[in-house]
There are 2 protein chains.
Amino acid sequence: MRIVVARCTVDYEGRLAAHLPEAVRLIMVKADGSIAIHADGGAYKPLNWMNPPNTVNEDPECWTVTNPRGEKLVINIAEILSDVSHELGGDPGLRKDGVEAHLQELLAADPSVLEEGYRLVRREYPTAVGPVDLLCRDAAGAAVAVEVKRRGETNGVEQLSRYLEFLNADPALQPVQGMLVAEEIKPQARVLADARGIRCKVVDYSALRGTKPEDLRLF
Amino acid sequence: MRIVVARCTVDYEGRLAAHLPEAVRLIMVKADGSIAIHADGGAYKPLNWMNPPNTVNEDPECWTVTNPRGEKLVINIAEILSDVSHELGGDPGLRKDGVEAHLQELLAADPSVLEEGYRLVRREYPTAVGPVDLLCRDAAGAAVAVEVKRRGETNGVEQLSRYLEFLNADPALQPVQGMLVAEEIKPQARVLADARGIRCKVVDYSALRGTKPEDLRLF
DNA sequence: GACTCTATCTCGGTA
DNA sequence: TACCGAGGTAGAGTC
């Protein structure tokens with residue numbers, strides 16, 4: 001990884017066009033060829049960047065970075081204040097716990113948590129507008145489409161509505177009920193779900209996880 | 001801006017839980033208090049980060065970063081390889097051209113690009129569920145609600161559907177047609193739009209811009 | 001402050 | 001490879 005601090009202007013042409021007037025900034029060049037230009041603020045997002053793979057043509061006063069997608073970044077360097085490199089080596093990577101996928105896993109393993117008698121038909125049940133998280137049958141044998149979210153928002157209701165629209169066109173399934181499952185459901189999502197006849201179910205990830213065997217835990 | 005290169009492990013507890021095994025990484029501390037931990041690859045996104053405002057408790061071997069939202073980042077430092085600071089100063093900021101707003105501007109200036117005979121009624125036409133990008137009348141005088149996107153996805157179709165639902169409740173307008181306009185329209189969005197009776201129209205920003213007067217260009 | 005929507009989103013999974 | 005959905009989305013604008 002190479003870290004350059006320089007007074008520079010930057011121009012990007014690609015998915016849009018963008019320009020940075022002259023100022024002192026940090027230029028980060030990673031081993032995989034990605035380039036990011038940072039100001040001293042604005043959280044982790046750089047002002048400008050190029051994703052790999054890149055080709056860099058480095059003149060003393062002008063770096064021209066291009067990639068196969070036809071994007072181009074031009075850095076005009078007025079003054080270099082620092083230029084150092086470090087060998088970082090590979091990274092073992094990040095391990096996450098508590099995302100939607102884990103919640104979906106737990107619910108697929110035991111859908112009766114959602115309601116007594118629920119049985120799983122399939123995870124990621126396909127429709128023309130995308131896969132439903134869980135397709136279940138209730139105790140009476142009726143189909144239920146389940147959308148799993150970490151946080152239930154109107155988005156999730158819309159998504160589930162789309163699926164139901166298409167699932168209910170299938171004579172083998174209809175009528176299909178909808179159920180939005182999340183650790184937390186926003187009031188607006190609840191109102192919309194009610195209006196659409198979709199049920200809401202709040203679950204607790206850590207509680208579910210506590211009742212499950214060790215092999216579903218990451219750490 | 002402070003740049004530390006160190007062999008470290010990192011643990012985050014907050015909106016989820018995440019863990020990084022020991023490796024050499026770059027830690028970027030910005031003037032606004034944001035912290036980002038980078039590996040030597042993976043585009044511009046850091047492995048782990050904390051957005052401001054943060055409180056940092058810096059022991060030699062363990063940094064504890066907390067914020068008011070109850071998130072916590074713990075960096076255990078095994079070895080510091082480099083630790084430097086640079087004064088960057090403020091940044092004049094980025095100027096962009098080619099985002100959705102510009103596309104909307106061009107189409108508002110000449111809606112006949114969408115279809116022969118289209119006239120603009122209003123930009124950002126208000127409804128109870130938010131403003132429609134463009135409200136037009138076609139050659140026959142019928143109302144058309146236009147949603148403008150850079151990339152047309154199912155989201156955009158949902159958004160337009162909501163507007164149409166409310167617009168069609170207005171006797172002065174109904175019946176209102178829907179049109180999704182974008183530089184690129186995804187297959188799923190097309191399927192959904194068809195199912196809802198919404199038309200799709202692909203436009204080219206740079207071509208439109210080329211036919212427009214100078215004053216709509218930023219640089 | 002909460003809500004809404006855009007984004008050069010990034011990233012991972014999958015067909 | 002392209003498409004699709006999740007994200008600790010971040011960030012900007014509006015109310």
| query | Which residues within residues 28-46 of chain A lie with some heavy atom under 4.0 Å of an atom in DNA chain D? | reply | A/G42, A/A43, A/Y44, A/K45

| query | If you look at every strand shown and take non-hydrogen atoms under 4.0 Å, does A/L73 touch a base, only sugar-phosphate, or nothing? | reply | nothing

| query | Between the side chains of B/T55 and B/N57, is a donor N or O closer than 3.5 angstrom to an acceptor N or O? | reply | no

| query | How many Å lie between CZ on A/R123 and P on D/dA6, as a whole number? | reply | 13 Å

| request: Describe the nucleic acid contact of A/V148 in one word from base, sugar-phosphate, nothing, applying a heavy-atom distance below 4.0 Å. | output: nothing

| query | When the C1' atoms of D/dG8 and C/dT14 are considered, how many whole Å apart are they? | reply | 25 Å

| task | Under 4.0 Å between any heavy atoms, over every strand shown, what does A/G130 touch: base, sugar-phosphate, or nothing? Just pick one. | result | sugar-phosphate

| Distance-only side-chain donor-acceptor flag, B/D97 / B/Y205, under 3.5 Å | yes

| d(OH, A/Y125; C1', C/dT14) in whole Å | 19 Å

| request: Please check if any side-chain donor atom of B/K96 sits under 3.5 Å from a side-chain acceptor atom of B/H102, or the reverse. | output: no

| If you pin A/P131 and B/N48 to their nearest nucleotides in DNA chain D, which one's is more 5'? | A/P131

| Rounded distance in Å - NE2 (A/H102) to C1' (D/dA6) | 12 Å

| request: Check every strand shown and say whether A/E147 touches a base, only sugar-phosphate, or nothing at a heavy-atom separation below 4.0 Å. | output: sugar-phosphate

| field | Candidates C/dC5, D/dG7, C/dA7 - which lies nearest the side chain of B/R150 | value | C/dA7

| said: Can a side-chain donor-acceptor contact be found between B/E71 and B/Y12 if the only test is distance below 3.5 angstrom? | reply: yes

| task | Check whether the side chains of B/D11 and B/T9 place a donor and an acceptor atom closer than 3.5 Å, and report yes or no. | result | no

| query | Which is true for B/R162 with a 4.0 Å heavy-atom rule: it touches a base, it touches only sugar-phosphate, or it touches nothing? | reply | sugar-phosphate

| Is there a salt bridge (charged side-chain N to carboxylate O under 4.0 Å, His left out) between B/E153 and B/R151 once you walk through the steps? | CA-CA 6 Å; B/E153 301 178 8; B/R151 289 184 330 202; 3.2 Å; yes

| query | Which nucleotide, C/dT10, D/dA6, D/dG7, lies nearest any side-chain atom of A/V99? | reply | D/dG7

| said: When you measure from the side chain of A/N54 to the backbone of A/V56, do you find a donor-acceptor pair of N or O atoms at a distance under 3.5 Å? | reply: no

| remark: B/R95 CZ to D/dA12 C1', in whole Å, measures 18 Å

| said: Does either side chain, that of B/N48 or that of A/Y44, offer a donor lying less than 3.5 Å from an acceptor on the other one? | reply: no

| task | Verify the distance criterion only: is there a donor paired with an acceptor across the side chains of B/R2 and B/S85 at less than 3.5 Å? | result | no

| request: Between D/dA6, D/dG8, C/dC5, spot the one nearest the side chain of B/L16, thanks. | output: D/dG8

| request: Could you tell me whether the phosphate oxygens of D/dA6, OP1 or OP2, come under 4.0 Å of any side-chain nitrogen or oxygen in A/Q159? | output: yes

| Test item: side-chain donor near acceptor, A/Q177 and A/R199, under 3.5 Å | no

| said: Output the rounded distance in Å from CG (B/D97) to P (C/dT6). | reply: 18 Å

| task | Please state whether the phosphate of C/dT10, meaning OP1 or OP2, lies under 4.0 angstrom from any side-chain nitrogen or oxygen of A/N51. | result | yes

| field | Any donor-acceptor N or O pair under 3.5 Å, side chains B/K45, B/H38 | value | no

| query | For the pair made of CG in B/N155 and P in D/dG5, what is the distance, rounded to whole Å? | reply | 9 Å

| said: Could you tell me how far apart B/L94 (CG) and D/dA12 (P) are, to the nearest whole angstrom? | reply: 10 Å

Could you run down the sub-3.5 Å N/O contacts of the protein with nucleotides 1-3 of chain C?
none

| field | Between P of C/dT14 and CD of A/Q104, the distance in whole Å | value | 11 Å

| For D/dG8, what is the paired nucleotide under Watson-Crick or G-U wobble rules, both distances under 3.5 Å? | none

| remark: A/R151 has its side chain closest, among D/dT9, D/dG8, C/dC9, to D/dT9

| query | When you measure from the side chain of A/W49, which nucleotide among D/dG8, C/dC5, C/dT10 comes out closest? | reply | C/dT10

| task | Tell me which nucleotide among C/dA7, C/dT10, D/dA10 gets nearest to the side chain of B/R15. | result | D/dA10

